[in-house]
Trainee: 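One structure, pasted below without further comment.
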Amino acid sequence: MSTNKEAKPERILTFTEAIREAQVLVMERDDRVFIIGEGVPDPKGTFGTTIGLRERFGPTRVMDMPVSENGMTGILIGAALVGLRPIMTHQRMDFMTYSMEQLLNNAAKWHYMFGGQQSVPLVVRAVVGQGWGQGPQHSQNLHTLYAHIPGLKVVMPSTAYQAKGLLLAAVGDPNPVIFIEHRWLHGTKGAVPETYYELELGRAEVVSQGDDLTIVAHSLMALEARKVLSRLKDKGIGVDLIDLRTVKPLDQSTILTSVRKTRRLLVVDTAWRTYGLAAEIIASVVEQGVRLLSSPQRVTLPDHPVPSSHGLTRSYYPNSATIFRKANSMLENVIDSDDFEQDWAHLEHADIPDSSFTGPF
Amino acid sequence: MNLRVEEKTLLYRQCLRIRLVEEAIAERYVDGEMRCPVHLSIGQEGIAVAVCSNLERNDYVVSNHRGHAHYLAKGGDLKAMIAEIYGKATGCAKGIGGSMHLIDLAAGIQGCTPIVGSSIPLGVGVAFGVALKGETRVTALFFGDAAIEEGVFHESMNFASLHKLRVLFVCENNLYSVYTHLDSRQPSRELTRMAQAHKMEHHHLDGNDVESSCFRLSDIVASMRQEARPIFVQLDTYRWREHCGPHYDNHLGYRSEEEFLSWQERDPIDRLGRELKQSGIPDSFFSDLEQELVKEIGVAFEFAQRSPLPHKGQLGKYVYK
């Protein structure tokens with residue numbers, strides 16, 4: 001790393017600003033790109049990610065739409081087939097289930113079933129909620145449903161830097177891409193270059209390197225996993241933390257290389273346990289015959305919907321403490337975990353990302 | 001009606017060509033070499049021809065599972081269609097799609113898909129893309145009477161109307177969804193009232209009267225070209241053979257022989273032929289035409305049969321671009 005160059009102070013953006021900036025950049029470069037979704041031009045601008053875009057690019061490139069998730073998905077697939085590059089938005093991923101037919105049967109299959117003659121360059125941005133009592137139908141992590149379908153790509157950034165680079169890559173990709181934003185990430189901040197840059201879809205980020213344990217995570221859980229690194233390092237435990245960035249295609253080679261080194265695997269998923277991403281990753285490692293020092297583990301949501309009451313969500317969602325406990329158990333409890341547990345004690349309610357969040361979304 | 005004899009001759013030729021292709025598929029289907037579902041258009045050829053004879057080559061067509069007639073009427077390549085049904089590498093979708101997934105981009109056939117109603121928003125989206133690009137071409141969207149029972153039909157109608165897109169919604173009402181009659185699926189009403197509810201101009205035509213439908217559609221399509229907006233057209237017709245496959249199936253009892261015969265008497269092709277004969281077209285025209293078409297079709301089948309199956313390396317090749 002060069003150190004003598006004039007060091008510009010890093011520019012810090014929120015995840016929201018990074019997404020907005022990515023859209024501005026790609027719309028300036030490519031006039032085939034347009035954004036459409038419920039409330040896109042409204043005063044709240046899709047949690048701030050589309051604010052000001054209509055003023056800048058006009059009403060034919062920044063559009064509202066009827067509340068017709070399935071029909072609109074089909075319509076945007078059709079528009080993509082004749083050369084446009086739509087970005088569709090859903091303020092909650094739960095509403096997107098209406099459009100499963102179009103995504104599954106048309107978007108995912110078009111390139112295949114017509115022998116590669118046309119593809120569907122459609123990006124669907126979907127926001128996953130959590131906490132503040134949003135309950136069973138406003139907080140679902142459904143990436144596994146889409147990742148199961150051949151022909152779709154599924155992207156789940158965890159930082160502002162990733163959000164910008166992955167969204168630019170998604171819009172540039174000729175295939176349909178589901179781009180999933182965890183609502184708790186929108187307010188997070190990080191260094192984001194001003195330039196146009198793409199982060200390759202299907203390539204994970206190795207956040208930290210160590211010899212003792214591989215932790216694989218994505219989206220909000222990748223941030224939670226980062227929180228345990230220093231604590232483990234203090235005790236001499238080295239962790240390979242792999243932030244997937246995209247869950248489809250899955251970067252199996254990075255995972256495998258890491259686990260062959262550490263021989264311990266912990267997978268953290270934002271979704272339910274059964275038939276989930278964590279199961280898939282563990283299976284793919286076990287299949288390769290890697291000899292592990294301890295049985296592979298997963299941290300996931302329990303197999304039931306999320307309740308609304310903040311009295312119940314605290315024990316529903318995993319966090320860095322959950323990850324820490326699980327990691328520690330895989331390392332034969334070399335660490336006295338009491339200290340770490342205390343880090344969490346101050347959070348009276350586990351249903352908000354931080355104290356600045358006052359609801360209602 | 002006011003079509004010139006030459007125009008009627010062309011309509012007749014198009015209809016007969018489709019009929020003979022479909023009959024050739026039906027006849028050879030039992031050989032077991034066409035190993036995919038086929039939904040034949042026999043009896044319904046008139047609608048495809050009446051609509052497509054009013055379209056330009058660069059206009060778009062989006063269709064459904066029963067798409068052979070639409071594909072051929074719009075100018076889709078015959079050899080590539082037959083090869084597709086045979087599952088051959090030379091098929092219009094390289095053998096991956098089969099009969100239900102016809103495509104010919106050079107002829108403006110954007111694709112056919114068999115999930116009922118599923119291709120309706122695609123057609124509207126194609127027209128949306130056309131509008132966003134500032135083009136004026138028309139998209140003709142074919143679907144059956146059952147597709148309007150799907151929610152996505154209404155979502156698509158709403159959007160097309162809101163954005164004044166050049167979509168010709170062509171509802172082919174053949175009265176049956178597989179074995180289920182329209183009366184068991186929908187309340188008694190004019191289907192065109194759905195269009196009215198979406199503030200869309202609508203017309204109800206006789207799908208088996210090719211000349212009159214074609215004549216009316218020429219005005220309809222011309223006015224859509226002039227003033228961008230969607231128009232809904234219901235055309236009544238009847239499927240002669242089974243829903244899927246080469247056979248007749250009246251023996252199943254879901255429809256009466258009497259009903260079937262009454263529709264067969266309204267054969268769109270016979271009707272056109274009779275009128276042409278009355279206009280003085282000699283018998284030799286009909287026999288020459290049939291001979292010519294049979295020859296063309298024979299060549300297409302030979303092409304398909306001689307073509308290679310797709311290479312096994314194609315199996316997972318097109319999942320992503």
Side-chain angles (χ1 to χ4, degrees), chain A residues 31-34 36 60-61 63-86 88 98-99 101-122 149-153 173-177 201-202 248-249, chain B residues 60 62 84 89 91-98 100-105 110-115 117-135 137 139 141 150-160 162-163 165 167 310 314-321:
Chain A
D31 57 16
R32 299 170 302 173
V33 178
F34 66 98
I36 183 165
T60 59
R61 294 190 71 196
M63 281 179 271
D64 217 316
M65 71 174 209
V67 186
S68 310
E69 289 82 1
N70 191 37
M72 288 311 304
T73 303
I75 286 164
L76 298 175
I77 293 168
L81 289 177
V82 292
L84 293 160
R85 296 206 163 231
M88 182 184 203
Y98 268 122
S99 65
E101 194 281 315
Q102 286 297 324
L103 290 170
L104 172 67
N105 284 321
N106 291 331
K109 306 275 191 305
W110 208 268
H111 188 258
Y112 185 82
M113 72 189 174
F114 292 112
Q117 291 178 66
Q118 288 190 296
S119 70
V120 180
L122 166 69
I149 300 165
L152 298 182
K153 295 187 177 183
D173 197 281
N175 302 288
V177 180
L201 305 186
K248 180 81 168 274
Chain B
Y60 289 124
V62 172
E84 188 61 36
C92 60
K94 301 197 175 92
I96 294 171
M100 298 188 287
H101 293 290
L102 300 180
I103 188 167
D104 188 335
L105 297 174
Q110 270 293 317
C112 310
T113 67
I115 306 297
S118 179
S119 58
I120 295 176
L122 296 183
V124 172
V126 165
F128 185 42
V130 164
L132 288 176
K133 292 195 287 184
E135 299 173 352
R137 43 182 141 190
T139 301
L141 179 49
E150 298 283 0
V152 78
F153 163 74
H154 298 278
E155 296 180 24
S156 305
M157 293 278 279
N158 177 62
F159 189 81
L162 178 71
H163 284 268
L165 303 176
V167 185
Q314 304 275 74
L315 187 56
K317 187 175 171 188
Y318 300 113
V319 178
Y320 295 98
K321 183 173 181 182

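The chains referred to below are lettered A, B, ... by the order of the sequence lines, with proteins before strands, and numbering in each begins at 1. Atom set for the values below is all heavy atoms of this structure, side chains included, hydrogens, waters and symmetry mates excluded. In this text the structure is predicted, and so the values were computed from the model without any measurement.
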Trainee: Is there a side-chain contact between R61(A) and L132(B) (heavy atoms, below 4.5 Å)?
Mentor: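 No, too far: nothing below the 4.5 Å cut-off.
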
Trainee: Check whether T113(B) gets within reach of chain A through its side chain, its backbone, both or neither, counting any heavy atom under 4.5 Å.
Mentor: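 Contact with chain A: side chain only.
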
Trainee: Please rank G316(B), G125(B), P310(B), A131(B) by heavy-atom pairs under 4.5 Å with chain A and give me the top one.
Mentor: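 That would be G125(B).
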
Trainee: Quick one: of M113(A), M72(A), H111(A), Q118(A), who has the most non-hydrogen atom pairs under 4.5 Å with chain B?
Mentor: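 The residue among M113(A), M72(A), H111(A), Q118(A) with the greatest pair count is H111(A).
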
Trainee: With chain A, which of E135(B), Q110(B), E84(B), K94(B) has the greatest number of heavy-atom pairs at distances under 4.5 Å?
Mentor: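 Most heavy-atom pairs under 4.5 Å with chain A: Q110(B).
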
Trainee: Tell me, for Y98(A) versus chain B, whether the close heavy atoms (under 4.5 Å) come from the side chain, the backbone, both or neither.
Mentor: neither

Trainee: Specify which of T60(A), N105(A), L81(A) makes the most heavy-atom pairs with chain B at under 4.5 Å.
Mentor: N105(A)

Trainee: Should the heavy atoms of other residues, nucleotides or ligands under 6.0 Å from NZ of K133(B) be counted, would the total exceed 12?
Mentor: yes

Trainee: With a 4.5 Å heavy-atom cut-off, do V82(A) and R137(B) have their side chains touching?
Mentor: no

Trainee: Could you tell me whether the side chain of I77(A) reaches within less than 4.5 Å of the side chain of P121(B), counting heavy atoms only?
Mentor: no

Trainee: Are any of the side-chain heavy atoms of P66(A) and E155(B) separated by less than 4.5 Å?
Mentor: no

Trainee: Would a 4.5 Å heavy-atom cut-off, applied to side chains only, mark F114(A) and L105(B) as touching?
Mentor: no

Trainee: Which pair of heavy atoms, one from N106(A) and one from S118(B), lies closest together, and at what distance?
Mentor: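 In terms of heavy atoms, the two residues are closest at ND2-OG, 2.9 Å.
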
Trainee: Flag the pair D173(A) / Y320(B) as yes when at least one side-chain heavy-atom distance between them is below 4.5 Å, and no otherwise.
Mentor: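 Of all side-chain heavy-atom pairs linking Y320(B) with D173(A), none is under 4.5 Å.
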
Trainee: For I120(B), is it the side chain, the backbone, both or neither that has a heavy atom under 4.5 Å from a heavy atom of chain A?
Mentor: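 Neither part.
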
Trainee: For the atom pair CD1 (I96(B)) and CD (Q117(A)), what is the distance rounded to the nearest 0.5 Å?
Mentor: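 Interatomic distance, I96(B) CD1 to Q117(A) CD, rounded to 0.5 Å: 9.5 Å.
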
Trainee: Can you tell which part of Y60(B) gets under 4.5 Å to a heavy atom of chain A, answering side chain, backbone, both or neither?
Mentor: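 The answer is the side chain of Y60(B).
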
Trainee: L122(B) and W110(A): side chain to side chain contact (heavy atoms under 4.5 Å, CB included), yes or no, with the steps?
Mentor: CA-CA 11 Å; L122(B) 296 183; W110(A) 208 268; 3.2 Å; yes

Trainee: Heavy-atom pairs under 4.5 Å with chain B are the metric here; pick the option from S119(A), P150(A), G115(A), P174(A) that has the most.
Mentor: G115(A)

Trainee: Nearest 0.5 Å, what's the CD-OH distance between Q314(B) and Y112(A)?
Mentor: 9.0 Å

Trainee: State the CD1-CG distance between I115(B) and L104(A), to the nearest 0.5 angstrom.
Mentor: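 Interatomic distance, I115(B) CD1 to L104(A) CG, rounded to 0.5 Å: 8.5 Å.
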
Trainee: Flag the one option from V124(B), V62(B), V126(B), V152(B) with the top tally of heavy-atom pairs under 4.5 Å to chain A.
Mentor: V126(B)

